[in-house]
There are 4 protein chains.
Amino acid sequence: MAEGGFTPRLPGNVRKRQIVQRTLALIAEEGIQGATMARIAEAVGISEPSLYSHFASRQEILVSALDLVYERVKDITRAATDPDALERLRQMGRYHSMLVAKEDPQYLFPLFEFVAAPPSTGLREALGTRQMMPLEHVAATVDLAKQQGTISEDVDSMELAGMIIGCSWAEGVAHLMGIAGKWDADVWARMLDLLLASVSTGNKAIHCE
Amino acid sequence: MAEGGFTPRLPGNVRKRQIVQRTLALIAEEGIQGATMARIAEAVGISEPSLYSHFASRQEILVSALDLVYERVKDITRAATDPDALERLRQMGRYHSMLVAKEDPQYLFPLFEFVAAPPSTGLREALGTRQMMPLEHVAATVDLAKQQGTISEDVDSMELAGMIIGCSWAEGVAHLMGIAGKWDADVWARMLDLLLASVSTGNKAIHCE
Amino acid sequence: MAEGGFTPRLPGNVRKRQIVQRTLALIAEEGIQGATMARIAEAVGISEPSLYSHFASRQEILVSALDLVYERVKDITRAATDPDALERLRQMGRYHSMLVAKEDPQYLFPLFEFVAAPPSTGLREALGTRQMMPLEHVAATVDLAKQQGTISEDVDSMELAGMIIGCSWAEGVAHLMGIAGKWDADVWARMLDLLLASVSTGNKAIHCE
Amino acid sequence: MAEGGFTPRLPGNVRKRQIVQRTLALIAEEGIQGATMARIAEAVGISEPSLYSHFASRQEILVSALDLVYERVKDITRAATDPDALERLRQMGRYHSMLVAKEDPQYLFPLFEFVAAPPSTGLREALGTRQMMPLEHVAATVDLAKQQGTISEDVDSMELAGMIIGCSWAEGVAHLMGIAGKWDADVWARMLDLLLASVSTGNKAIHCE
DNA sequence: CATGAATGAGGGTTCATTCAT
DNA sequence: CATGAATGAACCCTCATTCAT
């Protein structure tokens, strides 16, 4: 019956990537619930059922989109290359501010869409799993800073890692709430600086006689 | 679904509050998109069209639910009564931790549902507006602390207020991601303490020596 | 948005009956799988979603249709009124033949659609439940015939009832297979007669000297 | 779903038989409508379009499945080998009971799936055609019994054949309705016995006295 | 204030089938 | 002989909303 669509047949991997990317864009624009199969199909330029040639379900597409978000997160850690681990932590903060500021549609808004996904969707669990990786990366960097003697040995690495990433989350929430304009763009970098200063060995805050 | 014909006619205000409360509960369980008119009506025990006797649209109910969330936020500021403004800021942090820890279904999850609501719904704008109030309250408290001499005059009040509230946001995100278990419950209070210590006049961190 | 359809608003009960009847007709024509919500709605002259104002699901409509089939079955027992119970059994057989012969679209084909419904639909269970009633009615009539002395006391009433109804089933299958034309219409009545003759006290077959 | 690239190329006939068998199994489990091309392909372990290398359409596969059902029916006649034709008829009945009792997934449920197939599918016609063969076989056996003098010459052979097979159909319907448990398994054999007794020359029922 | 009946739009998913490879 | 990519049509069902009562 079908007279053989004229849509160019793309190799599976290419199409798959295409689908995930457009989905992420849709999530950024209209939220997860706005990323409907119909809209995804239209954005990609294929028919709705064709999506099922590449993914078993909408859920699977969404999880793949989440993976793509964490590609951006990985960029953060990849971009911080300073040999000094403490400085590296500051670099991550600044890179994150940049990511948020340029409103990359593949990062901030999609990420929080997953944060707020109803538990029944299973997406939040998927998110928690993925977040562990950057968290542990930051904790490892803190460890390194301790070895390098720039961060006090007393500090719990995982705890500090949480606080560091927490600054980024705070930044994200402020942007999403549309009140980021209340401060200049560096405020979250300064928040991170304050935090790091509190735990760096250079800081006399606590031991300041 | 309603349990039959004789739903007692409740005075308008009571019904309205009932509707908003059940809606908020639904948002907590299933997200904003899960708070459908059908489910709200069923939860309240009236028919679907009856909801329109009390609210002009679903949107209006949702915004009212958001107001209810900010009632909880107001509780935070109300609960912090210490005469020492700096201590009051710490109280707010601890009260917030408590609110998050007890998983009050009328606070954390609904709040972030609104954070992540697609722009087209207008809910995020509504959220931004409401968030200004607690933000300014915290800034005012910082100002007071400066007058009381416990926080350094150099500090920008609004900026510090953002950081303080940012700690709460970070706490919320950690919980929603399901990774809060990585730390003990006090970590976010300690983050706030570090921050406040950095700016308190007792701190020699910056001016040390 | 909806500008208030022009379909006349019918009282609930009337619509419900209408829906079930048209559904049964569709089942007769195209099988259970042919009774789609779209076709039912079209046959009734209302929109598809409106069906859900009257029934919670398609399954519920189908079960109601099954009930309607068994209204026809009840007609069989109602139509047999001869004071002589043995004769009454013969009347039932003849009435059934008539029902089958006139190809009442509310009886034979729909009935067997339910017989052949896949187990996963739950419809066959519903069928078994409903079939018990006529079965027990026939068994009771056999009992009565035994009291009246026309059927031998040795016979197990339920067993004979099964055989009697079995003749009707055989008749039904023959029709559905499209090979009923191989015999004249009375063949199944004669089958029933042979059976009843075998167990009637007038029969010397077993006790014959 | 298939477990990967290297499905061994099977000779055409083998594959064909395989396809038909799995299809029949699917019909038994989920009905004709449950035997979708996707499920058949998965069950066989080849891709969906590959099915079209062996059969022109789904319809063709289904008809082949029907043929396979009638292989089982042929088994019935093949299994009845007693030289006495009357006894042979009884053997067929008992063999059929066995077939039904062991719930052979290639017989009863599939058969009735075809009985109840909507007319528009053409499957019921195909069924009628095939049913003629066993019917005529039974009629021929009745004829033989008449020659052997065990069944009365007065009896119409085709009519009696219908009744005999009718007992089997009744048995099948009882099973499908899930009410077979109401009787012991021999009831249908006894029904057949009663019937045959009525027409056998040994029977004094009619000529009694 | 409350409801039963109704709806257009759209939700994700499955269907048998086709075609280029 | 076999497949991956693709599709139009259809599936059951839910959505927020309206209107007469």
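Note: hydrogens, waters and symmetry copies are ignored here, and every other heavy atom, side chains too, is used. Each chain gets a letter, A, B and so on, in the order its sequence line appears, and its residues count up from 1. A quick note: this is a predicted structure, and the numbers were derived from the prediction, not measured.
Taking atom CD1 of residue A/Ile32 and atom P of nucleotide E/dG11, one finds them 15 Å apart after rounding to whole Å. Put simply, CD1 on C/Ile40 is 13 Å from C1' on F/dC13, counting in whole angstrom units. Atom CD of B/Glu48 and atom P of E/dA2 are 15 Å apart (whole Å). Between the C1' atom of E/dA5 and the NZ atom of C/Lys16 lies a distance of 13 Å, rounded to the nearest Å. Separating the CD1 atom of B/Ile46 from the P atom of F/dT17 is a distance of 15 Å, rounded to the nearest angstrom. The interatomic distance linking B/Arg58 (CZ) with F/dT18 (P) rounds to 14 Å, in whole Å. Taking atom CG of A/Leu62 as the reference point, atom P of E/dG11 lies 13 Å away to the nearest angstrom. Separating the CZ atom of A/Phe55 from the P atom of E/dG12 is a distance of 15 Å, rounded to the nearest angstrom.
D/Ile32 and D/Ala117 make their closest contact through CD1-CB, 4.3 Å (heavy atoms, listed as atom of the first residue, atom of the second, distance). Considering all non-hydrogen atoms of both residues, D/Ser120 and C/Glu30 come closest at OG-OE1, 3.0 Å.
Residue D/Ser57 places its side chain closer to E/dT17 than to any other of F/dA5, F/dT17, E/dT17. The side chain of B/Met37 lies closest to F/dT17, out of F/dT7, E/dA6, F/dT17.
One finds no side-chain N or O of C/Arg15 lying less than 4.0 angstrom from the OP1 or OP2 phosphate oxygen of E/dG4. The side chain of A/His54 contributes no N or O atom lying less than 4.0 Å from OP1 or OP2 of F/dG4.
For F/dA6, the base has a donor-acceptor partner in the side chain of A/Ser53 [N/O atoms by modelled type, under 3.5 angstrom].
With the nearest nucleotide of DNA chain E identified for both A/Ala35 and D/Gln59, A/Ala35 has the one nearer the 5' end. Along DNA chain F, the nucleotide nearest B/Gly34 and the nucleotide nearest D/Leu51 are compared for position; the residue whose nucleotide lies closer to the 5' end is D/Leu51. When each of D/Pro49 and B/Ala38 is assigned the nucleotide of DNA chain F with its nearest heavy atom, D/Pro49 is the one assigned upstream, toward the 5' end. The residue among A/Thr36 and D/Tyr52 whose nearest nucleotide of DNA chain E lies closer to the 5′ end is A/Thr36.
Looking at residues two or more places apart in sequence or on another chain, you find no ring-ring contact (aromatic ring centres under 6.0 Å, His included) involving D/Phe112.
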* Residues A/Arg39, A/Arg22; criterion side-chain contact (heavy atoms from CB on, under 4.5 Å); working and verdict -> CA-CA 9 Å; A/Arg39 284 210 261 247; A/Arg22 313 269 180 156; over 6 Å; no
* Stepwise side-chain contact (heavy atoms from CB on, under 4.5 Å) check, D/Met177 with C/Phe114 -> CA-CA 9 Å; D/Met177 281 194 173; C/Phe114 286 97; over 6 Å; no
* To do: Map every base of DNA chain E to its dot-bracket character, where paired means a Watson-Crick or G-U wobble contact with both distances under 3.5 Å and | marks a partner outside the strand.
  => .||||||||||||||||||||
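Going from atom CD of C/Glu60 over to atom NE2 of C/His54 covers 12.0 Å, rounded to the nearest 0.5 Å. Here CD1 of C/Ile40 is found 6.5 Å from CG of C/Leu26. Values are rounded to the nearest 0.5 Å.
Counting non-hydrogen atoms under 4.0 angstrom, A/Ser50 reaches a base of the nucleic acid.
Between the side chain of C/Arg58 and the main chain of C/Ala35, a donor-acceptor pair closer than 3.5 Å is present.
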